[in-house]
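Reviewing the structure listed below.
Sequence lines set the chain letters: A, B, ... in the order given, protein chains first and strands last, and positions in each chain run from 1. All values below come from the heavy atoms of this structure, side chains included, with hydrogens, waters and symmetry mates left out.
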2 protein chains.
Amino acid sequence: MVRTRSEERRAEILRAALEVIAERGYRGATLGSVAERVGLTQQGLLHYFPTKEALLVAVLEERDRWDTSGGRDREGWRLDLLDSLVEYNAMRPGIVQTFSALLGESVTDGHPAREFFTERYAQVRASMADVLRLEFGERLPGGLTPERAAPLLTAVMDGLQYQWLLDPAAVDMPGAFRDFLRLLRGDAEE
Amino acid sequence: MVRTRSEERRAEILRAALEVIAERGYRGATLGSVAERVGLTQQGLLHYFPTKEALLVAVLEERDRWDTSGGRDREGWRLDLLDSLVEYNAMRPGIVQTFSALLGESVTDGHPAREFFTERYAQVRASMADVLRLEFGERLPGGLTPERAAPLLTAVMDGLQYQWLLDPAAVDMPGAFRDFLRLLRGDAEE
DNA sequence: CGTCACCTACCGATCTACAGGTAGGTGTGC
DNA sequence: GCACACCTACCTGTAGATCGGTAGGTGACG
């Protein structure tokens, strides 16, 4: 059980890092402030993660593990699961903020998360296309192919998150997302 | 013409700042690197903009001026103008990157651009709703009201930009945006 | 059973590198 | 001769990282 202690510590640190990155982004986050949150010195933290970048990588890896296990089924998502994913996100502004901040930073030159996001979006688009194909076949009601609709679906999720983070009262994120799904489905509401 | 000289300099500085922010974000940008790009020392730059934040504010103000004059008509955009706006953006990755990086950073606590973006998005949504109403009236073909569709339109633009910045070859931004407009218009393609 | 070798989990001091900002100039042109 | 457009010289703060410890534990062997 001594082994566990160490991994517990690492998990604590990752959680704290997530918070600090949400608050200040990766560039703005300092090792010291992460360390402080778990009752360590900066040097103590470096014992667990040898560099700042290693800490970031660990955060990203955990995210990867999370959303390729918890959320995704053997055969991928279903469309209504996406819906509840967005609702889930709406209850976790912290996580959303962390990854929105990282995404924003990652488009800058030489950012350590850039490759991660590039690959991740390729996967996400592919996965979205699968979901859509499963649901609608080769043509969605609106006339698009799954491959053409997938980037839009992804874009809507991200774009809504930014608007929602900036002003939660101004945007009903889950509602807006459902609106978009209705558009894809081609059923008029009312 | 001496007056002009000074304003020329300021304009040069703003352009350089835009570049540097695109490359490293606001937090990552340094006054020194902006100054260097226009052949000044860091302190020489501070002669024109007394603080780093003042420089950022000037950048944001210029953006504001730009996209409430150049792009927008007395009565707002037309839907097909949006289309060419996206095409225009696709030719200017630098600008897009600057403001995508800033948007990402701005969701972090106490970021100096946060208020700017919050207000800007409120305006943009309102403006989008106007465009849609002008084009379709109170109900879009897909069944949405202009107010419900506006956040989606905005989200698609932003979200596509991130995907495109991360991997320009993977996403046809103008094409995808046109796909979305078709969805709103309700006309199946082919 | 004790002690020697070694590991883990840290901390303090310190180094290096900038970063933003201030104070007080100097030169040039009107 | 004075205002503007800068520069040199600094100061202060902070960030990431290294170095060299220390304290506690574990295991092996004589």
Side-chain angles (χ1 to χ4, degrees), chain A residues 1-60 101-102 105-106 108-114, chain B residues 1-60 101-102 105 108-113:
Chain A
M1 299 298 116
V2 180
R3 187 66 202 282
T4 304
R5 178 68 210 257
S6 174
E7 290 182 8
E8 231 172 72
R9 216 62 166 127
R10 287 176 64 96
E12 275 180 68
I13 292 171
L14 287 179
R15 199 161 29 77
L18 227 65
E19 286 174 25
V20 174
I21 291 173
E23 287 165 22
R24 316 203 221 162
Y26 171 68
R27 282 200 166 97
T30 73
L31 295 176
S33 60
V34 175
E36 198 184 5
R37 239 166 254 233
V38 294
L40 278 178
T41 61
Q42 186 230 53
Q43 301 83 334
L45 192 157
L46 285 175
H47 172 68
Y48 291 95
F49 301 94
T51 66
K52 191 185 180 186
E53 197 172 321
L55 176 58
L56 174 63
V57 168
V59 165
L60 296 175
L102 283 176
E105 277 183 294
S106 75
T108 59
D109 295 359
H111 193 282
R114 176 158 198 156
Chain B
M1 297 295 117
V2 180
R3 187 69 203 282
T4 303
R5 179 66 211 254
S6 175
E7 290 183 8
E8 231 172 69
R9 216 64 164 127
R10 286 176 66 96
E12 273 180 67
I13 293 171
L14 287 178
R15 197 161 33 78
L18 227 66
E19 286 174 26
V20 174
I21 292 174
E23 286 164 23
R24 316 202 221 164
Y26 171 68
R27 282 200 167 97
T30 74
L31 294 177
S33 59
V34 175
E36 198 183 5
R37 239 166 254 232
V38 294
L40 276 179
T41 61
Q42 185 228 61
Q43 295 81 349
L45 192 156
L46 286 174
H47 173 69
Y48 291 95
F49 300 95
T51 66
K52 189 185 180 185
E53 200 173 318
L55 176 58
L56 174 63
V57 168
V59 165
L60 297 175
L102 283 176
E105 276 183 296
T108 60
D109 295 359
H111 193 282

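As a whole-Å value, the separation of A/Glu8 CD from C/dT8 P is 18 Å. What separates CZ of B/Arg27 from C1' of C/dG20 is a distance of 15 Å, to the nearest Å. Computed from coordinates, the B/Phe49 CZ to C/dA19 P distance equals 19 Å when rounded to whole Å. Rounded to an integer number of Å, the gap from A/Glu12 CD to C/dA9 C1' is 14 Å. Distance CG (B/Leu55) to C1' (C/dA19): 14 Å, rounded to an integer number of Å. Between B/Glu53 atom CD and C/dA19 atom C1' the separation is 15 Å, expressed in whole Å. In this entry the distance linking NZ of A/Lys52 with P of D/dA17 reads 8 Å, nearest Å. Note: CG (A/Leu31) to P (D/dG16) measures 4 Å, nearest angstrom.
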Show me the dot-bracket string of DNA chain D, counting Watson-Crick or G-U pairs under 3.5 Å, with | for pairs to another strand and [ ] for crossing ones.
||||||||||||||||||||||||||||||
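Side-chain atoms of A/Arg114 and A/Thr108 form no donor-acceptor pair, as typed in the model, at a separation below 3.5 Å.
Taking side-chain N and O atoms only, B/Arg9 has no distance below 4.0 Å to OP1 or OP2 of D/dC4.
Distances from the side chain of B/Thr30 to the nucleotides C/dG20, D/dA5, D/dG16 place C/dG20 closest.
Rounding to the nearest 0.5 Å places OG1 of B/Thr30 at 7.5 Å from NZ of B/Lys52. The CG atom of B/Leu55 sits 9.5 Å away from the CZ atom of B/Arg10 when rounded to the nearest 0.5 Å. The distance from the CG atom of B/Leu14 to the CZ atom of B/Phe49 is 4.0 Å, given to the nearest 0.5 Å. Distance check, rounded to the nearest 0.5 Å: CZ of A/Arg24 to CZ of B/Arg27 gives 8.0 Å.
Heavy atoms only, all atoms of each residue included: B/Val38 and B/Arg9 are closest at O-NH1, 3.2 Å.
Backbone-only contact: A/Ala29 has heavy atoms under 4.0 Å from sugar-phosphate atoms and none from a base.
Under the 4.5 Å side-chain criterion, counting only non-hydrogen atoms from C-beta, B/Tyr26 is in contact with B/Glu53. Counting only heavy atoms from C-beta outward, the side chains of B/Leu40 and B/Val34 never approach each other to under 4.5 Å. Side-chain contact between B/Leu46 and B/Thr51: absent, with no pair of heavy atoms (C-beta onward) separated by less than 4.5 Å.
Sorted by residue number, the members of residues 40-47 of chain A with any non-hydrogen atom under 4.0 Å from DNA chain D read A/Gln42, A/Gln43, A/Leu46.
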